[in-house]
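Predicted, not measured: the structure shown is a model, and the values here were computed from it. All chains are named by letter (A, B, ...) in the order of the sequence lines, taking the proteins before the strands, and each is independently numbered beginning at 1.
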There are 2 protein chains.
Amino acid sequence: MLTRSEEDHIKAVYALLQEGESAFTKDIAECLRTKASSVTDMLKRLAEKGYLKHEPYYGAKLTAKGRSLALQLVRKHRLWETFLVERLGFGWDEVHDVAEQMEHVASDKLIDKLDAYLGRPHFDPHGDPIPDRNGKLRQRKTKRLDSCKPGETVRIAAVSETTDGLLRLLDSKGLRIGTTLAVQEVHAFDGSMDVKPKSGSAFSLSKDVSHHLQVENP
Amino acid sequence: MLTRSEEDHIKAVYALLQEGESAFTKDIAECLRTKASSVTDMLKRLAEKGYLKHEPYYGAKLTAKGRSLALQLVRKHRLWETFLVERLGFGWDEVHDVAEQMEHVASDKLIDKLDAYLGRPHFDPHGDPIPDRNGKLRQRKTKRLDSCKPGETVRIAAVSETTDGLLRLLDSKGLRIGTTLAVQEVHAFDGSMDVKPKSGSAFSLSKDVSHHLQVENP
DNA sequence: AAAATAGATTAGACCAGGCTAAACTATTGT
DNA sequence: ACAATAGTTTAGCCTGGTCTAATCTATTTT
């Protein structure tokens with residue numbers, strides 16, 4: 001049985017590797033609001049238990065065992081987020097911290113029943129894919145909104161940054177998962193972009209926002 | 001913020017006092033599967049924080065603050081049990097351990113929304129009362145089945161012992177919360193009791209079983 | 001190539017929370 | 001009344017997980 005802190009470290013390594021960055025000690029520390037020295041200790045312990053490979057001074061890589069555990073945690077986190085938003089009526093910007101606690105409840109049967117209860121969803125309220133029981137992720141071919149050209153019409157598939165501020169901003173502009181947008185113009189000066197939702201009038205999005213919106217062809 | 005272990009100790013003291021027994025160190029230790037010495041340490045810490053009064057050699061009593069906290073924990077536990085049974089389809093004998101973990105998730109908003117989602121129930125799947133937001137318990141006038149006389153007809157209101165074994169036994173005999181029974185005969189020899197459910201034929205219950213069934217007038 | 005620097009690791013301390021063993025209190029039996 | 005006993009507390013130790021300070025390694029600058 002792993003402790004909560006051990007699970008958190010594995011999740012952090014997984015999350016950092018996901019984004020293409022390598023999982024360096026200081027990044028993990030920042031991610032978990034702890035100190036680099038504590039992370040080093042933990043990486044050694046987790047390496048001994050076989051969840052990851054720790055190359056001193058060159059960061060950490062998950063083993064198959066570690067990756068599988070991380071995917072189970074992601075699965076639990078996203079299922080609970082889905083429950084909180086769809087069943088209990090939380091806003092999508094409020095659920096992260098609570099789901100963070102719930103994902104550490106240990107019971108395979110619980111997660112399987114929750115999954116069934118929610119209708120075995122493939123995506124969470126932020127549009128992120130939910131791994132299945134075996135850790136398989138359903139992939140979609142998405143791109144970032146800031147890589148789109150004027151004239152394209154796309155649907156919002158996911159938000160890749162779940163800070164409260166961004167989620168509330170999107171909410172206030174009426175941008176949800178599934179919203180369809182036409183890209184009208186991209187300004188070279190600051191990378192900002194004029195978009196027009198299917199229903200409603202056009203407005204502008206800064207690059208900071210469009211960078212974090214994953215879109216797909218409608 | 002209290003740790004999980006601190007919360008568990010407060011809950012144990014509350015539970016022991018509920019049953020009329022006084023909360024002695026060894027009982028708490030047994031209840032939490034820990035050692036008396038560890039309990040003494042914890043009682044001192046909790047007394048300093050104002051959750052209970054610790055009279056050395058004479059056990060512990062909760063303060064108002066401690067009782068209020070215990071009631072919040074009981075509320076969370078019973079609401080999660082209700083969710084697990086009514087929404088996820090768990091059997092009533094399977095939910096205790098999982099609810100034990102979920103009750104430590106900290107979010108008042110979560111509990112309030114869960115309560116609303118479940119229709120603000122007053123009793124959990126074992127028939128135990130669920131304290132409201134302010135810690136008020138709805139009381140019923142119940143008695144133990146083993147105190148009933150032949151000829152009485154009563155309804156099962158609660159099961160006061162939630163071991164898997166007892167719950168499965170009741171399940172197999174078709175005894176649920178709400179089942180109505182007629183007491184036919186009580187045998188002085190061993191305290192066993194012949195009962196007849198409204199629908200179905202009579203059978204015998206040992207005193208060990210009837211002792212843990214809370215019943216009310218139908 | 002040597003110096004400077006960013007980052008990682010080690011060493012050593014601390015705290016919470018658990019344990020065992022020994023010492024202490026209260027109660028019970030004779 | 002005093003010895004035995006049941007139960008509680010104290011003292012001291014251990015582990016997991018955190019920290020700071022000091023040291024070490026790799027990289028970048030000059």
Side-chain angles (χ1 to χ4, degrees), chain A residues 1-17 19-62 66 69-70 73 100-101 103-104 106, chain B residues 1-17 19-62 66 69-70 73 100-101 103-104 106:
Chain A
M1 198 41 211
L2 293 181
T3 66
R4 174 168 176 164
S5 168
E6 288 170 331
E7 289 188 348
D8 283 339
H9 280 75
I10 289 171
K11 227 184 62 171
V13 172
Y14 176 80
L16 290 171
L17 293 171
E19 295 170 18
E21 307 174 30
S22 33
F24 286 119
T25 308
K26 91 168 158 71
D27 299 320
I28 300 169
E30 192 179 353
C31 190
L32 297 175
R33 281 129 189 272
T34 177
K35 293 296 144 69
S37 57
S38 308
V39 173
T40 301
D41 283 354
M42 188 58 89
L43 291 182
K44 274 196 279 189
R45 197 170 331 139
L46 290 173
E48 267 168 30
K49 295 192 184 180
Y51 290 97
L52 47 81
K53 283 252 177 296
H54 179 212
E55 306 246 339
Y57 301 101
Y58 287 94
K61 275 198 190 58
L62 290 178
L69 192 112
L73 288 169
E100 198 78 8
Q101 298 182 62
E103 80 190 11
H104 295 286
Chain B
M1 197 44 209
L2 291 181
T3 66
R4 176 172 173 159
S5 169
E6 287 170 331
E7 288 188 349
D8 283 338
H9 280 76
I10 289 170
K11 226 184 62 169
V13 171
Y14 176 80
L16 290 171
L17 292 172
E19 293 170 19
E21 308 173 30
S22 33
F24 286 118
T25 307
K26 91 166 159 71
D27 300 319
I28 300 169
E30 193 179 352
C31 191
L32 298 176
R33 280 126 190 276
T34 177
K35 295 295 144 72
S37 57
S38 308
V39 172
T40 301
D41 283 354
M42 188 59 88
L43 291 181
K44 273 195 280 189
R45 195 168 335 140
L46 290 173
E48 269 169 28
K49 294 193 185 181
Y51 290 97
L52 47 80
K53 285 252 177 293
H54 180 213
E55 307 246 337
Y57 299 101
Y58 286 96
K61 275 198 188 59
L62 290 178
L69 192 111
L73 287 169
E100 198 79 7
Q101 298 182 61
E103 80 191 11
H104 295 287

How many whole angstroms separate atom [atom1] of [X] from atom [atom2] of [N]?
X	N	atom1	atom2	answer
A:Leu43	D:dG17	CG	C1'	14 Å
A:Leu2	D:dT15	CG	P	19 Å
A:Met42	D:dT15	CE	P	17 Å
B:Lys26	D:dG7	NZ	P	5 Å
A:Arg45	D:dT18	CZ	C1'	10 Å
A:Asp8	D:dG17	CG	P	11 Å
A:Glu6	D:dG16	CD	P	9 Å
A:Lys44	D:dG16	NZ	P	14 Å

So, does A:Thr34 use its side chain to make a donor-acceptor pair with the main chain of A:Glu30 at under 3.5 Å?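 Pair absent, no side-chain N/O of A:Thr34 close to backbone of A:Glu30.
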Taking A:Glu7 for its side chain and A:His104 for its backbone only, find out whether a donor-acceptor pair lies under 3.5 Å.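 Not a single qualifying donor-acceptor pair exists.
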Approximate separation, where rounding is to 0.5 Å, of [X] [atom1] and [Y] [atom2]:
X	Y	atom1	atom2	result
B:Tyr51	B:Glu48	OH	CD	13.0 Å
B:Asp8	B:Arg33	CG	CZ	12.5 Å
A:Lys35	A:Thr25	NZ	OG1	14.5 Å

Closest-nucleotide 5' rank along DNA chain D - winner of A:Ser37 and B:Ser37: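 The answer here is B:Ser37.
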Tell me what A:Ser38 touches on the nucleic acid: a base, only sugar-phosphate, or nothing, going by heavy atoms under 4.0 Å.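 It contacts base atoms.
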Within the 4.0 Å heavy-atom criterion, would you say B:Thr40 contacts the bases, only the backbone, or no part of the nucleic acid?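 Here B:Thr40 touches the bases of the nucleic acid.
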Using a strict heavy-atom distance below 4.0 Å, which residues from residues 46-55 of chain A are in contact with DNA chain D?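 Heavy-atom contacts with DNA chain D come from no residue of residues 46-55 of chain A; none.
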Would you grab the first and last nucleotide of DNA chain C (5' to 3') that comes under 4.0 Å of any non-hydrogen atom in chain A?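 Extent of the interface on DNA chain C: C:dG7 to C:dT10.
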Taking the side chain as every heavy atom from C-beta outward, state whether A:Glu6 and A:Lys49 have any atom pair closer than 4.5 Å.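 With C-beta onward as the side chain, the pair touches.
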Would you say A:Phe24 and A:Asp27 make side-chain contact, with heavy atoms under 4.5 Å?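 Yes, their side chains come closer than 4.5 Å.
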Phosphate OP1/OP2 of D:dT27: any A:Tyr58 side-chain N/O under 4.0 Å: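 Yes, because at least one side-chain N or O of A:Tyr58 sits under 4.0 Å from OP1 or OP2 of D:dT27.
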Looking only at the side chain of A:Tyr57 (C-beta and beyond, no hydrogens), which of the listed nucleotides D:dC24, D:dT8, D:dC19 gets closest?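 Closest nucleotide to the A:Tyr57 side chain: D:dC24.
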Do the charged groups of B:Arg4 and B:Glu103 touch, with an N to O distance under 4.0 Å?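 The answer is no: the pair does not qualify as a salt bridge.
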Salt bridge or not for B:Lys61 and B:Glu55, using N-O below 4.0 Å?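 No, B:Lys61 and B:Glu55 are not salt-bridged.
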